Amino acid sequence: MTPSVPNLLSRLRQSFDGPQLLFMAFIGVLLLGGAGAALLSMPALLLPALLAVALLVALVEWRWIYYQLFFLLPFSQEIGLFGGLSMDVPSEPLMLALTGCVGASLLLGAGNGLIPRREWLNALVVILALMLLWTAVDSFFSVDSVKSIKYLLAKVWYLTPFLLGTLLMVRRPANAWRFAGFYAAGACLSVLYVVSRHATKGFSFADINWALHPFFRNHVIYATMLALLIPFCWFAQRAATKAGPRLAWRVALGILLFGLLTSYTRASILSLPIAALYFAVMRLRLTRVVLVLVAAATAISVAHIASGDNYMEFAPNYERTIFNGKNFEKHLEATYKLQDVSGMERVYRWVAAARMIAEKPLVGSGAATFYPEYKRYTVKSFRTYVSDNPEKSTTHNYFLLQLAEQGVPGFLLFVIFIATALLKAERLYHRSQQQPEVRRVVLAATLSLVVIVFHLTLNELVEVDKIGPVFFICVALLIRSESWLAEAEDDKQPALRA
C-alpha cells in the first residue's frame, strides 16, 4: 500500500533533527532568493537569505553574542527614541537577539534535555515563574497597563538569556568564569576611561558624575557594577591553575577596587564588608537567624514609624538638607546627621510609597508605574531641593517598590525569592566541601548576589542593564551548582551499595 503524502512528510521530518531542518530551510530560502534575484534583476531579493545567514550563525554560535554583550555592557548608553521611549544601546538589542536565540535553542533541542528537569523544578525557578505570573495578573489592575505589560516583556528578555541562557552555557564549573572575564575586561577598560577623565579634575568628589559621561547615568550604577564583579574576580584568581590567568585576574581586581574607591559611592564601598560578613554568616550556618532578625527589626521599625505621626520625626530641614558635592567628608557627616539631600529625598519617596501602599495594599499601582503616580501621595514636609525628580527615578528601595507597585503578593514573592536564594547558597556552600571548584562558584555567585541585594535596599537596580543580568546569572549559577552536587552524589550511590 502506497503511503499517503502526510505520512511521507511525517517520516521525512522525523529523519532530520532540528539543526538539519533549519539548515535545509536556509538552503531553500537561499535558492529561492538567488533565483528570484537573477530572473527579476532585483538584488534586494537576496536580503532574506543574508538575514537567514545571520540568524543561522546566531543560533549555532549565539554564545559569542552572550560574551560580546558582557564585554560591551560597561559602554552601553541610553539613546532617545520616538514617542518619549528610550533604549540602552548596544545592550538591549543584544538582549533581544539573545532572547530569540536561547528560545530557539530550547525549542529545537526540547527533547535533548538541555536543561535538566530538576532545574526546571528548582524552587528558585518556580518562584520566578510565580512572580512573572503575578506581574501579568497585576497588570490588569494597573493605573497604566501599557507600562506594566512593557515591564513584563522586559523581564522576559532578562530572564531568558541570563537565567536560561546561563544554564545552557555553563556545563561545568570552569565555564562560570568566562562571562565574568569578559565583563571584567570591559569594566576595567571603562574604569581606565573614567579614571583618565577624573584625574584631570584631581579626582574631585564633585566631578565623578562628569567623568562617567556618557556611559553611566550616575556614579551609583558605575560603582555597583564594580562591586558586584569583585567577588567573581577574587574567586576566579583562586580557581586559576596557570600563572598568566591568575595575574590577569589580580590586575583586574586591583583596577576594579581603585575605580570603586574613587567613585565615592558610600553604599557600594560598604557592600564589600557586608558581603564578607555574610560569608561568616554562611560558614556558621546563621542565615536563618539573620533573616529572622532582619524581618523582626524591619517589622518593629515600620510599626513604630507608622504609628500616629511618628514618621514626621524624620522630616528634614529644607534649608539645611543639601548636597556636599565638593567635600566627601562633609557628605558622610551629613549622612548620619540626616542632612544629606540624597538620603532625605529617599525618605520623601518612602513616605509617598507608604501612602500608596495604604490605598492599594493588594495590587499596588501596577509594575513600572511608581513614577509619576507617587507625586499624588507626597508630603510637603519631606520635600528637598531635588524632589522635582527630572531623572524619573523611583523609591530608591527595591523591596518597597515591589510593595507599592505590585502589592503584598508581589512583595512577598520577591522576599521569599531572596530568602530562598540565600538559604540555598548556605546549604550549597556546606555540601560542596569536597568539591572546591563548585564551592568557589557558589561563593562568587552568593557574595555578588549579596552585594546586589544590599544595593536594592537603597536603589532599584534589577532592571538596570549593567546590574540586572548579573543578578539572574548568580541565581542560575546557584541552580547549576546544586545540579553538579546532586550528580556527584548520585554517582557515589552505586559505589556505596556495592
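These figures come from a predicted structure and were not determined experimentally.
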For residues 439-446, tabulate all N or O donor-acceptor pairs below 3.5 Å that involve a side-chain atom, not counting sequence neighbours.
unit_1	atom_1	unit_2	atom_2	d
R439	NE	Y429	O	3.1
R439	NH2	Y429	O	2.7
T446	OG1	V442	O	2.6

Atom of [X], atom of [Y] and distance for their closest heavy-atom approach:
| X | Y | value |
| --- | --- | --- |
| L401 | F370 | CD1-CB, 3.7 Å |
| T262 | H198 | O-CE1, 3.3 Å |
| S76 | S91 | OG-OG, 2.9 Å |
| P161 | V102 | CA-CG2, 4.2 Å |
| V462 | K155 | CG1-NZ, 3.6 Å |
| A404 | M356 | O-CE, 4.4 Å |

TODO: Verify side chain to side chain contact (heavy atoms under 4.5 Å, CB included) between T369 and S148, making sure each step is shown before the conclusion.
DONE: CA-CA 7 Å; T369 61; S148 297; 4.0 Å; yes

Open item on the list: Tell me which one of Y264, F75, F216 satisfies ring-ring contact (aromatic ring centres under 6.0 Å, His included) with Y222.
Closed with: F216

Task: Ring geometry between F471 and F414 (parallel below 30°, tilted from 30 to 60°, perpendicular above 60°) - done: parallel

Is there a donor-acceptor pair closer than 3.5 Å between any side-chain N or O of [X] and the backbone N or O of [Y]?
| X | Y | value |
| --- | --- | --- |
| D388 | P390 | no |
| R349 | T394 | yes |
| T160 | W157 | no |

Task: Side-chain H-bond candidate by donor/acceptor type, N389 with Y374, under 3.5 Å - done: yes

Task: Distance-only side-chain donor-acceptor flag, E405 / Y151, under 3.5 Å - done: no

- [ ] May I ask you to check whether Y183 and F70 place their ring centers less than 6.0 Å from one another?
- [x] yes

Open item on the list: Quick check on the 6.0 Å ring-centre criterion: do F215 and Y193 meet it?
Closed with: yes

- [ ] Under the salt bridge (charged side-chain N to carboxylate O under 4.0 Å, His left out) rule, collect the residues that match up with K147, sequence neighbours excluded.
- [x] none

